[in-house]
Protein chains: 2
Amino acid sequence: MPSSSLDRPSSLDRQVQRRLRERGVRYTTGRRALVAALTAVDGPRSAAELHELLQPAMPLSSLYRSLSVLQDAGVVAPHHGAKGITRYEMAEWFAGHHHHLVCVECGSVDDVEIPTDLEARLRVLIDQVASAAAFEPLDHSLEISGRCERCS
Amino acid sequence: MPSSSLDRPSSLDRQVQRRLRERGVRYTTGRRALVAALTAVDGPRSAAELHELLQPAMPLSSLYRSLSVLQDAGVVAPHHGAKGITRYEMAEWFAGHHHHLVCVECGSVDDVEIPTDLEARLRVLIDQVASAAAFEPLDHSLEISGRCERCS
DNA sequence: TTCCTTGCAAACGATTTGCATTGGA
DNA sequence: TCCAATGCAAATCGTTTGCAAGGAA
């Protein structure tokens, strides 16, 4: 099996721990497992998906509570998808800036990065349209919807 | 009051009617009111928001059912937002291709259009990243999150 | 007459919360 | 020891559905 953040404190773990400590909350075994699971996958995952991914199992209520804490601390970020399902992924300061491929069939979401030159253009453009609308931009995400490899 | 599609059949109404007829469903008074309401606003609206917008009031169950019919017919399109709330807007063949400004405070969503030259670049880029991921792109949307004018 | 549509109430499913217990610093 | 975290069950809330009544073609 691959070594996980459960083995010994990684740089990521120390960063997360610091962020949680600042907010007076603990970085418990369950939360470590959650962060490890989200770090190991390539796109956002729902509470239900994480539930059956985690070993040993964590009750859904604890899972939701931990996700909420991690989100407040800026460790994970939510993605809102079809059927009212929220999926979570590591925040961009850890996962890097990326965009999403959303499958219209199965609802799966994968990460993609786009070339820096277009990313730069995008940022310039966003500042322009946002200021025209008196909107203060904080983040952006390009959602590409379509059919994923498995569903086509 | 402004003249609405309830007065006499507009070009939009005829288009919608044709699409619904093709599917063997009726373009009823309630559905007309729904389309009129969605046409009159500048961004996606949730079932609850439409519920209190519509006069006379339509039960939420009928509202959801009509939205479902209109969505299947490609007349309206869903947008999935925070708190698991789905908002609906006129499909792009009517509203035109656009992107979204999503407020992280109040959850409101506004439409924006971006210059055609960047839109063209975006399309080229999307085809590139999608084919690299064996993904068949059908649509895309740039989500700009931040603080809207009222919340800043 | 034949289906589609509507309204109401009940059902559903994802997420949240109250409360008593457990556990880490 | 003290306060946060956990587990369970019950509650919430957006959304869906069963069923009987109403309406358009």
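Throughout, protein chains are lettered first and strands after them, A, B, ... in sequence-line order, and every chain is numbered starting at 1.
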Legend entry - Separation of dG24(C) P from Arg31(A) CZ (nearest whole Å): 13 Å
Inset, instruction - Round to the nearest Å and state the distance from Met58(A) atom CE to dT6(D) atom P. - result: 7 Å
Legend entry - Gap separating the CG atom of Leu122(B) from the CD atom of Glu119(B), nearest 0.5 angstrom: 5.5 Å
Inset, instruction - Considering just the side-chain nitrogens and oxygens of Arg26(A), establish if one lies under 4.0 Å of OP1 or OP2 belonging to dT6(D). - result: no
Inset, instruction - Name the nucleic acid region contacted by Ser68(B), choosing base, sugar-phosphate or nothing; use a 4.0 angstrom heavy-atom cut-off, strictly under. - result: nothing
Legend entry - Rounded interatomic separation in angstrom, taking CG from Leu63(B) and P from dT6(C): 10 Å
Legend entry - side-chain contact (heavy atoms from CB on, under 4.5 Å) against Ser145(A), all qualifying residues, sequence neighbours excluded: Val104(A), Asp139(B)
Legend entry - Any Arg65(B) side-chain nitrogen or oxygen under 4.0 Å from OP1 or OP2 of dT5(C): no
Legend entry - Leu50(B) CG to dG14(D) P, straight-line distance once rounded to whole Å: 14 Å
Legend entry - Phosphate OP1/OP2 of dG7(D): any Ser62(A) side-chain N/O under 4.0 Å: yes
Inset, instruction - Between dC4(C), dT6(D), dA9(D), spot the one nearest the side chain of Ser61(A), thanks. - result: dA9(D)
Just the table, please: protein N/O against nucleotides 11-15 of chain C N/O, every pair under 3.5 Å.
residue: dT15(C); atom: OP1; partner: Thr86(A); partner atom: N; Å: 3.1
residue: dT15(C); atom: OP2; partner: Tyr64(A); partner atom: OH; Å: 2.2
residue: dT15(C); atom: O5'; partner: Tyr64(A); partner atom: OH; Å: 3.1

Legend entry - Interatomic distance where CG belongs to Leu54(B) and C1' belongs to dT6(C) [whole Å]: 15 Å
Inset, instruction - Check whether any side-chain heavy atom of Asp111(A) lies under 4.5 Å from a side-chain heavy atom of Glu89(A), and answer yes or no. - result: yes
Inset, instruction - Could you go through the salt bridge (charged side-chain N to carboxylate O under 4.0 Å, His left out) check for Glu49(A) and Arg87(A) one step at a time? - result: CA-CA 9 Å; Glu49(A) 287 162 350; Arg87(A) 290 157 192 267; 2.8 Å; yes
Inset, instruction - If the plane angle is over 60° it's perpendicular, under 30° parallel, otherwise tilted; pick one for His140(A) and His97(A). - result: perpendicular
Inset, instruction - Quickly work out the Asp72(B) CG to dT5(C) P distance and round it to whole Å. - result: 12 Å
Inset, instruction - Please report the C-alpha distance between Ser61(B) and Arg65(B) in whole Å, then the side-chain angles of each, then the deciding distance to 0.1 Å, and finally whether the side chain to side chain contact (heavy atoms under 4.5 Å, CB included) criterion is met. - result: CA-CA 6 Å; Ser61(B) 62; Arg65(B) 266 195 277 235; 4.3 Å; yes
Legend entry - Arg19(A) (side chain) donor-acceptor with Ala73(A) (main chain) under 3.5 angstrom: yes
Inset, instruction - Check the distance between dT16(D)'s P and Gln71(B)'s CD and give it to me in whole angstrom. - result: 9 Å
Inset, instruction - Would you please confirm or rule out a distance under 4.0 Å between OP1 or OP2 of dT6(D) and any side-chain N or O of Thr28(A)? - result: yes
Inset, instruction - Report the distance from atom CZ of Arg32(A) to atom P of dT6(D), rounded to the nearest whole Å. - result: 12 Å
